[in-house]
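These numbers come from the heavy atoms of this one structure, side chains and all, not from hydrogens, waters or symmetry mates. A note on names: the letters A, B, ... follow the listed sequences, proteins ahead of strands, and every chain is numbered from 1.
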Amino acid sequence: MATDGIIHAHLTPLPDRVGVEGLEEKWTKNWDESQVFKFKGNTDRTGVYSIDTPPPTVSGHLHVGHVFSYTHTDVMARYKRMRGYDVFYPMGWDDNGLPTERRVQNYYGVRVDTSLKYDPAFKPPFEGTEGKKIEARDQVPVSRQNFIELCEKLTAQDEKQFEALWKTLGLSIDWTQTYHTIGEHPRRVAQKAFLRNLARGEAYQQEAPGLWDITFQTAVAQAELESREYPGFYHKIAFHAEDGTPIYIETTRPELLGACVALIAHPDDTRYQHLFGKTVTSPIFGVKVPVLAHPKAEMDKGVGIAMCCTFGDMVDVEWWRDLKLPTRSIITRNGRISAETPEWITSEAGRALYAETATKTTFSARKVIVEALQASGDMDGEPIPTKRMTNFYEKGDKPLEIVTSRQWYLSNGGTDKKLNAELLERGKELQFHPGFMRVRYDNWVNGLNGDWLVSRQRFFGVPFPLWYPVTDSGETDYAHPIVPSEDILPIDPTTDVPAGFEESQRDVPGGFTAEKDIMDTWATSSLTPQIVTHWEEKDSNGLFEKTFPMDLRPQGQDIIRTWLFSSVARAHLENHVLPWKHTALSGWILDPDHKKMSKSKGNVVVPSEPIEKFGADAVRYWAASARLGTDAAYDIGQMKIGRRLAIKLLNATKFALSIGREDENHHVGESAQAAWDPTKITEPLDRATMAKLARVVRTATKALEDFDHAKALETIETFFWEFCDDYIELVKNRAYGTPDENGKEPSGAAIMSARTTLGIGLDAFARLFAPYLPFSTEEIWHWMHEDAGSVHVAPWPEAGYYATIALKVPPELLDHAGHALAALRKIKSEAKVSMKTPILAATLKAVPAGIEHIKAALDDIAQAGRVTGKLELAQISAGEAADAGSASEAHDAADVAPIDDTEVLISDSQLGEPPVKKPKK
RNA sequence: GGGCGAUUAGCUCAGUUGGUUAGAGCGCCACGUUUACACCGUGGAUGUCGGGGGUUCGAAUCCCUCAUCGCCCACCA
């Protein structure tokens with residue numbers, strides 16, 4: 001826009017008939033070529049808006065829920081771009097972790113073996129076996145590096161597909177900034193950040209009992225837990241006091257009887273006071289265990305006294321730690337009872353029973369023990385079925401066991417109260433949208449019960465960049481890890497050799513050995529702000545300083561405890577800042593029956609389907625209609641409305657542009673120049689329309705600043721329909737220059753005023769709708785501004801500009817004029833005649849201000865309503881009308897209707913003859 | 001058990017610091033080919049604001065309570 005406020009338009013030929021088909025392809029190609037969404041990086045941090053995009057998992061398919069939340073982000077990105085920000089909007093792909101590992105295994109028929117060397121000539125045994133599982137015995141072992149290469153190969157195909165879909169949806173991503181989480185750069189960042197944590201003492205290793213998944217054979221972090229209902233049985237079992245009295249306990253896990261180290265009751269429990277400090281004997285096994293008191297024992301649960309085993313659950317761990325109990329572990333890492341009979345079971349009967357359970361699964365072992373207890377009479381009654389909540393690994397399907405192992409931990413405020421308080425403080429600093437989502441963060445941080453367990457006993461992922469010395473006697477010296485220098489990262493310790501050693505010294509006394517564990521996938525994902533901004537990267541070119549800390553983290557509400565929290569923790573420890581100012585949480589997508597969409601329910605909608613059917617703008621409209629944090633139903637109806645809106649926008653713009661052309665002695669279909677000079681807007685109705693536009697721009701802008709994209713859309717959309725239904729209808733004749741009933745033509749100034757208002761109005765709508773309907777707005781933008789570049793880098797409309805045009809004319813003038821027209825239309829609608837039917841006479845009634853407004857637009861109203869005779873005006877007050885309505889039913893129906901200040905009533909109307917229908921051509 | 005959110009027309013949802021007689025779209029009904037739009041236009045009908053209690057001149061809105069739904073956390077004897 002020029003400084004004189006004149007909007008110069010270069011009008012291109014218009015189509016005879018408009019449609020939304022094909023716009024995605026046309027403009028996606030154009031945007032690719034012109035690189036409108038490329039981050040420029042030529043301003044400082046204040047001119048940049050940076051977005052930490054969630055990298056979708058590239059295994060499998062996207063579903064329509066992705067479309068939903070990514071559209072929310074894209075609306076914001078496009079809005080900020082139009083506000084003049086250099087928007088930094090990268091896309092990542094998450095291909096680090098179990099889903100990808102399993103997929104690559106099945107697709108290529110390979111599995112990782114960290115003992116193998118990298119083979120550059122490796123060819124996988126299978127290719128493209130999607131869908132059918134390759135049995136483990138048919139999988140060929142490969143080195144980690146080979147596995148990563150296969151993963152990159154496979155995901156590259158998916159990424160292409162995903163990228164195409166995102167582009168079709170109109171996401172304004174800078175595709176030159178793409179990353180994937182197992183890629184070299186993210187691996188380097190993850191390892192470097194870990195080494196920094198290690199150097200500062202925030203990363204440490206510990207041998208401790210912890211939750212363990214027996215299927216995946218790995219330790220699991222608190223954040224990856226999921227409680228699920230799991231069926232079990234209560235067994236009432238008798239221990240025996242020294243005098244032989246049975247002491248009954250209740251347990252759901254009798255198979256752990258052999259691992260029992262104590263019985264525990266609450267210190268205040270009078271029933272067991274006499275037993276504290278004494279020992280009891282376990283049934284059959286005959287092992288003596290102490291009866292102890294601990295406040296964590298609950299008097300009203302079961303019989304009030306519990307068997308403490310190492311380890312049945314996390315409370316056992318607490319008791320074991322607090323009461324310094326011995327470790328008597330009988331469950332192995334694969335979830336089976338260990339083969340060797342433990343030395344603490346000494347009785348013959350006990351050892352025989354144990355041998356019977358050895359190497360059995362917990363399920364089978366339980367059966368053996370229960371039968372034995374029933375036979376010996378130590379079980380009271382039958383097992384009572386129960387459903388209890390049990391911890392599962394979120395990706396696993398067997399309950400977690402507790403085993404003791406050496407693991408790496410990262411401080412996250414789970415043990416350090418000061419850090420915990422600092423992280424809570426960061427949570428307060430972060431602006432959550434919607435705000436109530438903050439409590440989920442607070443709940444999580446307050447409920448942490450240990451540091452972040454980051455090591456996983458898996459093979460695919462980012463390796464810990466560590467080796468350990470092997471002593472001369474062949475022991476691994478975990479206490480003195482060997483670290484690489486930062487400049488050689490990323491490394492794989494199973495194939496790379498630490499400085500000062502040679503490959504021949506691997507795993508030999510006096511040499512070194514690799515840390516074979518990999519990091520939790522969140523250990524990489526938690527660093528996406530550092531990854532995308534090229535923290536500490538040589539090729540950064542100052543990118544980090546221009547983009548970090550970032551502005552926005554959009555993400556799902558389900559991963560506040562993982563992705564959001566761990567990112568905050570990492571940035572706090574490494575950069576001493578919050579990684580972003582805002583976080584935007586989208587809701588769930590529910591199917592039309594309000595069930596959450598998920599693969600297992602089989603109700604997932606593939607996003608390409610609705611995009612193809614209704615158009616990308618329509619699907620975006622549906623997504624953008626839902627506020628942040630609010631669940632939304634998959635709603636085809638809403639998409640149809642979006643499609644209708646886009647088509648309406650095309651048609652209204654076509655009209656506004658075609659009508660302006662005749663003035664230039666041009667016909668529709670030809671190019672033309674136009675200059676929409678705001679000083680040419682002189683008619684009160686036109687000014688009122690600009691006044692309302694100013695108000696709409698102000699409201700929409702404020703809503704977008706508050707991350708309320710849905711409210712902004714609603715505001716813009718409502719006014720757009722008013723603009724079409726009322727304003728355009730009112731000024732159509734004037735804009736055409738149509739003479740009135742008396743043959744009087746509108747003045748040139750009046751014609752120009754209408755045409756300019758139409759032009760400036762539609763120019764504004766193109767820009768206001770641009771974040772929501774990027775394709776149709778780009779189409780119309782190019783109809784009116786052929787050489788002006790993309791609407792998506794055009795400036796966002798400013799309320800002040802339109803307010804200046806409006807001068808002091810109030811927006812209510814448009815409302816009154818619109819309601820007056822509606823009143824005239826109602827006469828015809830109720831008489832069931834064509835809108836072309838002339839009105840011979842009518843009286844319009846409105847509040848005094850309304851009368852003034854109607855007078856100011858009377859010619860337009862009369863002509864739009866085809867009033868050929870006298871149009872009278874009569875003043876009423878809102879109060880009068882309401883009183884009249886309730887006091888008497890003798891009034892005209894219209895008088896009884898409740899009115900507000902902008903309502904216009906009608907009476908004494910008289911219709912003429914409907915026009916004769918013209919025969920069809 | 002603790003917490004968060006929701007409950008408004010047949011459906012999907014707005015409803016601001018409490019303020020006249022609670023709104024929109026879809027769907028429904030009726031009418032209308034009108035030189036932007038039949039992928040359309042015009043007009044109309046539609047409510048125990050989940051229940052109960054309270055504060056107030058006045059409550060969809062604030063407080064208490066109950067119910068239902070969704071989610072988060074805790075609960076493994």
Side-chain angles (χ1 to χ4, degrees), chain A residues 14 17-21 227 230 232 234-237 249-253 263-265 297-298 301-309 312-316 386 388-391 399 434 436-440 442-444 446-447 557-558 560-561 587-588 590 592 594-596 622 625-627 629-633 635 637-638 640-641 643-644 646-659 668 710-711 714 717-718 721 724-725 728-729 732 736 738 821-822 825-837 866 878-879 882 885-886 897-901 914-915 917-918 920:
Chain A
L14 293 166
R17 203 175 151 73
V18 303
V20 292
E21 276 74 24
S227 357
Y230 192 72
Y234 284 121
H235 307 77
K236 198 166 178 185
I237 296 174
I249 58 110
E250 278 192 331
T251 179
T252 55
R253 302 204 60 183
L263 296 191
I264 315 274
E298 292 177 41
K301 211 177 247 180
V303 289
I305 187 162
M307 149 175 109
C308 172
C309 308
D313 60 45
M314 291 311 284
V315 180
D316 285 342
T386 173
R388 58 205 179 106
M389 297 307 281
T390 307
N391 279 326
F436 65 77
M437 289 287 181
R438 177 179 284 107
V439 299
R440 299 195 183 190
D442 292 345
N443 280 349
W444 180 252
N446 279 319
Q557 53 189 327
D558 51 331
I560 289 175
R561 67 176 181 174
W588 301 116
L590 311 170
H594 278 220
K595 299 271 185 304
K596 190 181 159 190
W622 157 73
S625 305
R627 291 169 302 159
T630 305
D631 296 347
D635 187 356
Q638 199 68 11
K640 286 182 180 164
I641 298 161
R643 182 184 164 83
R644 197 171 73 119
I647 293 168
K648 189 81 175 178
L649 186 61
L650 295 173
N651 274 311
T653 308
K654 181 183 133 190
F655 168 71
L657 297 182
S658 64
I659 211 165
V668 175
K711 185 183 177 182
E714 195 197 353
E717 186 190 6
T718 303
W721 283 102
C724 290
D725 295 345
I728 291 183
E729 290 305 320
K732 200 182 248 180
Y736 275 128
T738 313
L821 177 60
R825 289 194 289 227
K826 191 173 173 180
I827 298 170
K828 301 175 196 183
S829 194
E830 283 180 346
K832 299 183 195 275
V833 294
S834 157
M835 287 295 140
K836 279 177 119 175
T837 310
R866 302 202 185 236
S886 55
I899 67 162
D900 64 30
D901 281 352
K917 283 185 186 177
K918 286 176 200 158
K920 279 186 183 173

Worksheet item: Base, sugar-phosphate, or nothing for A/Q557, non-hydrogen atoms under 4.0 angstrom?
Response: nothing
Discussion item. Considering every strand and a 4.0 Å limit on heavy-atom distances, what is the contact class for A/R388: base, sugar-phosphate, or nothing?
Written reply: base
Fill in: Per A/D725 side chain, nearest of listed nucleotides B/G41, B/G32, B/C76
B/G41
Worksheet, complete the sentence: Sorted by position of nearest nucleotide on RNA chain B, 5' first, the leading residue of A/V18 and A/S829 is A/V18
Worksheet item: Think A/R561 has a side-chain N or O under 4.0 angstrom from the OP1 or OP2 of B/C72?
Response: no
Worksheet item: Picking from B/C37, B/C76, B/U42, which would you name as closest to the side chain of A/K648?
Response: B/C37
Worksheet item: A/I305 or A/T738: which one's nearest nucleotide on RNA chain B is closer to the 5' end?
Response: A/T738
Discussion item. Measuring to OP1 and OP2 of B/A38, would you say a side-chain N or O of A/R17 lies under 4.0 angstrom away?
Written reply: yes
Discussion item. Using a 4.0 Å heavy-atom cut-off, does A/E717 contact any base of the nucleic acid, only the sugar-phosphate backbone, or nothing at all?
Written reply: nothing
Discussion item. B/C72, OP1 or OP2 - any side-chain N/O from A/R440 closer than 4.0 Å?
Written reply: no
Worksheet entry | Distance, rounded to the nearest Å, where A/L590 contributes CG and B/C11 contributes P | 16 Å
Item to complete: Scan A/M307 against the nucleic acid and name what it touches under 4.0 Å (heavy atoms): base, sugar-phosphate only, or nothing.
Response: nothing
Item to complete: Please state the P separation for the pair B/U55 and B/A14 - nearest whole angstrom.
Response: 31 Å
Item to complete: Side chain of A/D635 only, please: which of B/C4, B/U12, B/C31 is the nearest?
Response: B/U12
Worksheet item: Which part of the nucleic acid, if any, lies within contact of A/W721, taking any heavy atom under 4.0 Å across all strands shown: a base, the sugar-phosphate backbone alone, or nothing?
Response: sugar-phosphate
Atom pairs under 3.5 Å: protein N/O with N/O of nucleotides 24-28 of chain B:
{"residue": "B/C26", "atom": "OP1", "partner": "A/R644", "partner atom": "NH2", "Å": "3.1"}

